[in-house]
Amino acid sequence: MDKGAMGEPRRHWGFWLLLGLAVYFTLHVIIRATGSAVLELDEAEQVIVTQWWLAGYSGQPPLYAWLQAAAFRVLGMDLWALSLVKNTLLFLTWLFVFLSARRLLGDVRLAVLATLSLFLIPQVAWESQRDLTHSVMVTTVAAASFYAMLRWLDRPHVGHYLLIGLLFGLGVLSKYNFLVFAAAAGLALLSCARGRSLLLHPRILWSALVALLVILPHALWVWHSRDLGTQSLDKLDFGGGFWPWSGLGSLVLAVLGFLALLLLVMGGVFRRDFFRALLKRRGGPAAFPIHRYLWILLALLVLMALLGVSHFKDRWMLPLLLVFPLFVFAMMGTAALSRARVRAYLSVCLLVPVLVLVVMAWRVQTWPVLESQHRHVYPFDERVSEIRDLGFSQGLIVGDRAFVAGNLRFRLPRSQAVIPEVNPGGLRCRPGDDLLVAWDADRQRQIPGRLGDWLTAELGLSTGNLMPRWLESGGGAGPVMGVVVLPGALEGDCRVNQ
């Protein structure tokens, strides 16, 4: 392939890639911020957990919440702040993958193609935009960590040791599956002489110290709040299903769900070179043994299944398999890059972001199909008007789910909101504050049991004599919200004056 292929000298490929990505994510910010004010599940959760600065909020680590809280303080609690944080993180993910690919692969064409391959991973290109927060955060930190690790291998001065420790700590504060990424990367480094010399050097103690200082406050919170802090372990469904086949089967489905589209397109475009690359046992970049990393990662995931984890989700692979395209292009090399192949691959990769922008606009703007089934047209504004008529002005909102409580607080910003799954340690009530209890009455007409237990334990409210109201749109075709409004019922300690 000649130097001027695709109409630009190779040295300009990186510039156009980063400029295009900046425009792409800016468009996402505009589309979401000017769209429906009905928040997705994770967006609504952020409206709840960002009310207070705490070392821990729920079964997920707090880093994304801290970042979102800072954005809310600066920009205000609105859709602009929500979409700006997420899309900045996504842009940084693509940026660090490109920088890693350029350093690892040594050819800007390979680096650009490997970076654009992220659009062929649905969990990166679509799910991260649709409604993910903690997974977006950990993916960004994993991408930054991989790039920092490559620089550390090249120039192992004290600053890079400190940076590695900082990124490890931030990764754990992003999402706990970062530990699997770190373990696989560490074991891969131990498998080569250069990696062993750095990991076993006394300077690694600086990395450990920085990581400990970053993680310690949250680790102490998890220790003292184990019921809340370990909620995420329930998603692993330890011991469920038919051991170990249920776990292994779930793992296979999760990996295939993550990589299937990418494998299909790569196989269709690069054909024999692609399949040979997958089967190679040697070769690839000398800077980092990426093939060993993938084999070690697979072994760790299989070990988790054998130890009883019976449920894996494809989005959990985000920080773990993000470097897979780098592995493939490293193994194929520039010999696989003919003009026709590059054009075909670029065409597919660049079509995906256009489709994502169109579908995202369809979802959040005012022209969705099947409106009665569309979450973004949930009538929260109408519900808030009815709730005000029942006597709620400001105070405490307690919901059964983040979707309900977060969306109500988004429209009642002078109030606090909480759900049973979130740490209530930041609650501060004023005497005479109103209490609003709200839940999805399409699921259950009466106050859900867990919500009722929380009201009794935390607020001292006996729910047996409460008279719920059910709010629904005219004709009864829309969603139904159950509510209890108690004007002026709260004491200064957030207990109910009954």
Side-chain angles (χ1 to χ4, degrees), residues 39 44-58 62 65 68-69 72-73 76-77 221 224-225 227-228 231 380-441 443-471 480-498:
L39 307 179
E45 182 186 52
Q46 290 305 304
V47 170
I48 296 173
V49 299
T50 53
Q51 297 171 99
W52 319 291
W53 297 100
L54 299 173
Y57 298 97
S58 62
Q68 187 64 70
F72 280 161
R73 301 302 191 273
M77 188 179 67
W221 176 81
H224 293 293
S225 307
D227 289 343
L228 282 175
Q231 285 180 113
F380 276 108
D381 292 334
E382 179 183 340
R383 296 292 175 266
V384 168
S385 178
E386 294 171 299
I387 287 167
R388 290 186 186 278
D389 291 340
L390 293 175
F392 184 87
S393 176
Q394 67 180 57
L396 177 60
I397 303 166
V398 184
D400 64 327
R401 296 188 301 150
F403 178 67
V404 172
N407 271 287
L408 290 176
R409 182 177 181 261
F410 196 62
R411 291 155 177 80
L412 297 164
R414 293 190 299 168
S415 298
Q416 299 177 93
V418 70
I419 57 176
E421 293 81 13
V422 166
N423 179 8
L427 283 176
R428 299 293 183 270
C429 299
R430 292 169 297 187
D433 271 355
D434 305 327
L435 174 64
L436 166 62
V437 181
W439 66 96
D440 181 359
R443 296 187 173 191
Q444 186 171 337
R445 298 293 286 185
Q446 299 299 322
I447 297 177
R450 187 173 183 186
L451 178 58
D453 293 341
W454 190 94
L455 292 169
T456 301
E458 299 293 338
L459 306 185
L461 176 63
S462 177
T463 61
N465 297 324
L466 296 179
M467 299 296 293
R469 293 175 180 266
W470 295 279
L471 308 180
V480 181
M481 180 184 293
V483 300
V484 172
V485 177
L486 299 178
L490 292 174
E491 302 284 0
D493 59 357
C494 292
R495 307 290 286 185
V496 173
N497 179 17
Q498 295 193 111

Can any side-chain N or O of [X] pair as donor or acceptor with the backbone N or O of [Y] at less than 3.5 Å?
X	Y	value
T456	L461	yes
S385	D381	no
Q394	L412	no
R409	V47	yes

For the atom pair [atom1] ([X]) and [atom2] ([Y]), what is the distance rounded to the nearest 0.5 Å?
X	Y	atom1	atom2	answer
S58	L228	OG	CG	7.5 Å
Q446	W470	CD	CH2	5.0 Å
D440	F403	CG	CZ	8.5 Å
Y57	T50	OH	OG1	7.5 Å
D433	E491	CG	CD	10.5 Å
Q46	Q51	CD	CD	11.5 Å

Determine, stepwise, if the pair T463 / V484 fulfils side-chain contact (heavy atoms from CB on, under 4.5 Å).
CA-CA 10 Å; T463 61; V484 172; over 6 Å; no

Validation row: [X], [Y] side chains within 4.5 angstrom (heavy atoms):
X	Y	answer
W52	L427	yes
P62	W221	no
L471	I387	yes
L390	E386	no
L408	F380	yes

Could you give all pairs that pass the salt bridge (charged side-chain N to carboxylate O under 4.0 Å, His left out) test and reach residues 446-464, with sequence neighbours left out?
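Found E421-R450.
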
If you count heavy atoms of other groups shown closer than 6.0 angstrom to CZ of R469, is the number above 12?
no

Other residues, nucleotides and ligands only: do more than 12 of their heavy atoms fall within 6.0 Å of CZ on R73?
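More than 12 within 6.0 Å, yes.
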
Would you sort out whether F392 and V384 count as a side-chain contact (heavy atoms from CB on, under 4.5 Å), showing the intermediate values?
CA-CA 9 Å; F392 184 87; V384 168; over 6 Å; no

Can you check side-chain contact (heavy atoms from CB on, under 4.5 Å) on V480 and R445, steps first, answer last?
CA-CA 9 Å; V480 181; R445 298 293 286 185; 3.6 Å; yes

Quick one: list whatever passes side chain to side chain contact (heavy atoms under 4.5 Å, CB included) with S393, sequence neighbours left out.
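Side chain to side chain contact (heavy atoms under 4.5 Å, CB included) check on S393 returns R414, D434.
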
Output all residues satisfying side chain to side chain contact (heavy atoms under 4.5 Å, CB included) with L451, sequence neighbours left out; order by chain, then residue number.
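Partners of L451 under the side chain to side chain contact (heavy atoms under 4.5 Å, CB included) test: V398, D400, P420, V437, W439, I447, P448, L455.
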
Check the pair V418 / Q416 against side-chain contact (heavy atoms from CB on, under 4.5 Å), numbers first and verdict last.
CA-CA 7 Å; V418 70; Q416 299 177 93; over 6 Å; no

